[in-house]
Number of protein chains: 2
Amino acid sequence: MSTIKEIAARVGVSVATVSRALNNYPDVSAKTRSRILKVAEEMRYYPNASAQNLVTSKTFTVGVFFSPADGSGLRHPFVGHVLTIFSAEIGRQGYDILWFTNRKTPFDHYGIIERIQHRSVDGLLLIGQPEGAWEEILSADVPVVAIDFVISGHRVGSVTSDNRRAMQDLVLTLTEQGYRQFAYLHGPLAVPPAMERLQGFYAGMAACQMIVHPEWVAFADFTMADGYAATKAIIAGPNRPEVICCASDMTAIGALKAIREAGLLVPQDISVVGFDDVEAAVQVFPNLTTVRQPKEQMGRLAAEVLYSMMSAPSRDTPHHYVLPTELIVRQSTRSQSAENMSRVGPSDPMADSPQALKFDTI
Amino acid sequence: MSTIKEIAARVGVSVATVSRALNNYPDVSAKTRSRILKVAEEMRYYPNASAQNLVTSKTFTVGVFFSPADGSGLRHPFVGHVLTIFSAEIGRQGYDILWFTNRKTPFDHYGIIERIQHRSVDGLLLIGQPEGAWEEILSADVPVVAIDFVISGHRVGSVTSDNRRAMQDLVLTLTEQGYRQFAYLHGPLAVPPAMERLQGFYAGMAACQMIVHPEWVAFADFTMADGYAATKAIIAGPNRPEVICCASDMTAIGALKAIREAGLLVPQDISVVGFDDVEAAVQVFPNLTTVRQPKEQMGRLAAEVLYSMMSAPSRDTPHHYVLPTELIVRQSTRSQSAENMSRVGPSDPMADSPQALKFDTI
DNA sequence: CCTCAGGCCGTAAACGTTTTCGGCGCGCTG
DNA sequence: CAGCGCGCCGAAAACGTTTACGGCCTGAGG
């Protein structure tokens, strides 16, 4: 409410001096500085961010978009978790976060880059976005950090899990444990991690020289309801997979329900493994075997690389982190021993299925 | 990047005319307007929000704070859900959302109202905040809407569930069904809905002339882990409640796990009821009986009242909605029939417990 | 032909800062 | 005593808009 001008008038100095005092410039005497600070304090002065931005072209604001989709947006626990970490980390550098609401209505004539420029954010966070067309964002010429997928360009960093590798290793491990019949529930393929995990799945299957049954790889949004529906369809078929791998813990939790309702047991009849290791993974029954993403680390690193780009605007050394994951085996998967795997033999009941996919066909 | 001045120079008019054309003012001829619009288009012009804000003192931004606590912040599904709705609704009015990061560090010397004024948001959304001291926010003199708790003041609206009533009705209903031994897991009492629900619980117990066993009312943050720990402690005791009422579905899901691990069955041995009706309620086993909050409606209404306050700044008729809830009975609670309630008799094993609470002692 | 209304547009102030440039006055050195 | 440096501060421009005010010009009515 009160301005720098009012302070100046009251102290009897010029606005320039007030500004200098407030910003800890050296060339103002100790006594006038203290007088100014006292008056500013008692007038409850706070600078106007818009005015500051206008002249310094710095907003101390980083923008973020969310997908409106339930499975990929704010409502997914993974997103909420790393976002919380990111917020705390970037907050301690003095930044706030501008959440660009999605405009579905023809209210505004602005596109996405226009809105970025309009608000003149100092940086941009990309997370959980299936919207595609993110390349156009690079034309906005603002530092960008992407979580969970990598885009390259000028002043663009990223931090992701090694999704492909994680999934590939998972099927190797599972194969070693005797699993042969795999189902896979992938997420929306427009979102990069979903695609990478699917590719990892195919790669793993190929490496083990195993056959992918196309009717067992199905789409399920990163959502419990979708996971439920998809596995319900799968286990209604003539044959059943031994394990259902899911691209998200949410999907896996839905799968658990479908299996349970069918009167089957996890992991005795069907195993389930998820992805992310969300908080709920240890709460459901049976506890989810899952591949853990380092969520805290991802949030922290993202804040770090974005901050470094924002504070050193000209330097062009973006960082790209791809972090290792960790397989957390819990109860939804059978243990190492193979004695109760007797049903699985070398004779694959669907081995000659003509639709069988190899990895390179994808 | 390009400014109004450049457009003016290129078209050969003054900046005032450009501004008028861009803002659809009537007093500019059709031909100059179309010329201006065309040039603006091809120069990829977008106005600078800071400059606009400086002169109009309107930012088209609503601020929101989140609790850093896991149970009450962004990571709670309830918060994420209504926030998503709110965002979409307020977004269609042209607003974006400024997420004030919490500064735990001594980085900035600004308090909370200072930061609000600094950013000069047009409105404020309060949700899931246990931070107390929200009264001071009213001194910021900005329209405020609170979700899930009611604060009163000038230009302050609110939308909440009828928490007290909901919980009271719940124990009445449960009592009618034969339940006698109640446990209650309240949330952090600093957050209003937790307190209201607790009061409703006591009121219901009092109305039914039932005894509250103090060792069965325990604190649990709105989190699964806390619900697990709290019920684990409760069922380890010498006696066991028949039903555990939880102030949140998260807590209830944790309770489910603790009961399961103790080798007990839900609802045969112990019933569980939650609050919120989050997405996971129908995914866990057994499906949660819970009292549903009208999340979509809450998000929509909050956006509505905030928008009306922001667009009619002077009018002083804040709206306070308190919405009815709905009891959704599913599997975690026994059905109407009382034949299997034989264990519950008029003789209360703890009836003479000296620590027994009445409602008015709280 | 004169006047007046009204459509269209330009000038300039204003919003609240930051920052450059320069100036005053003091003390020190030669 | 002259000159110089330096600490401290003010004047003013600049950032990109909006908007009040006033002026010109055209056309219509008397």
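In the text below, chain A, chain B and the rest are named by the order of the sequence lines, each starting its count at 1.
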Subject >> Expected output: side-chain B:R119 to main-chain A:A49 donor-acceptor under 3.5 Å >> reply: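 Not confirmed, B:R119 side chain does not pair with A:A49 backbone.
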Subject >> Helical bend (five base pairs per end, nearest 10°) for the helix from C:dC1-D:dG30 to C:dG30-D:dC1 >> reply: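 Here the helix ends are tilted 60° relative to one another.
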Got a list of protein N/O to nucleotides 16-22 of chain C N/O distances below 3.5 Å?
{"residue": "C:dT17", "atom": "OP1", "partner": "A:Y45", "partner atom": "OH", "Å": "3.1"}
{"residue": "C:dT17", "atom": "OP1", "partner": "A:N48", "partner atom": "N", "Å": "3.3"}
{"residue": "C:dT17", "atom": "OP2", "partner": "A:I4", "partner atom": "N", "Å": "2.8"}
{"residue": "C:dT17", "atom": "O5'", "partner": "A:Y45", "partner atom": "OH", "Å": "3.1"}
{"residue": "C:dT18", "atom": "OP1", "partner": "A:N23", "partner atom": "ND2", "Å": "3.2"}
{"residue": "C:dT18", "atom": "OP1", "partner": "A:Q52", "partner atom": "NE2", "Å": "3.1"}
{"residue": "C:dT18", "atom": "OP2", "partner": "A:S19", "partner atom": "OG", "Å": "2.6"}
{"residue": "C:dT19", "atom": "OP2", "partner": "A:Y25", "partner atom": "OH", "Å": "2.5"}

**OP:** Assign B:T32 to base, sugar-phosphate, or nothing according to its heavy-atom contacts below 4.0 angstrom with the strands shown.
**Re:** sugar-phosphate
**OP:** Before giving the answer on side chain to side chain contact (heavy atoms under 4.5 Å, CB included), spell out for B:E296 and B:H81 the whole-Å C-alpha distance, their side-chain angles and the decisive distance to 0.1 Å.
**Re:** CA-CA 8 Å; B:E296 284 83 1; B:H81 194 160; 3.2 Å; yes
Residues, nucleotides or ligands: over 12 heavy atoms within 6.0 Å of [X] [atom1]:
X: A:K5; atom1: NZ; value: no
X: A:K58; atom1: NZ; value: yes
X: B:E42; atom1: CD; value: yes

**OP:** Look at the rings of A:H76 and A:F78 and say which category their plane angle falls in: under 30° parallel, 30 to 60° tilted, over 60° perpendicular.
**Re:** perpendicular
Taking [atom1] from [X] and [atom2] from [N], how many angstroms apart are they, rounded to a whole number?
X: B:K58; N: C:dA14; atom1: NZ; atom2: P; result: 24 Å
X: B:N53; N: D:dT19; atom1: CG; atom2: P; result: 13 Å
X: B:R33; N: C:dC8; atom1: CZ; atom2: P; result: 9 Å

Original post:
Below 4.5 Å, heavy atoms only, C-beta onward: do A:Y45 and A:V39 meet side chain to side chain?
Top reply: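 Contact flag for A:Y45/A:V39 side chains = no.
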Subject >> Smallest separation among heavy atoms of B:P143 and B:M309, with atom names >> reply: CB-CB, 3.9 Å
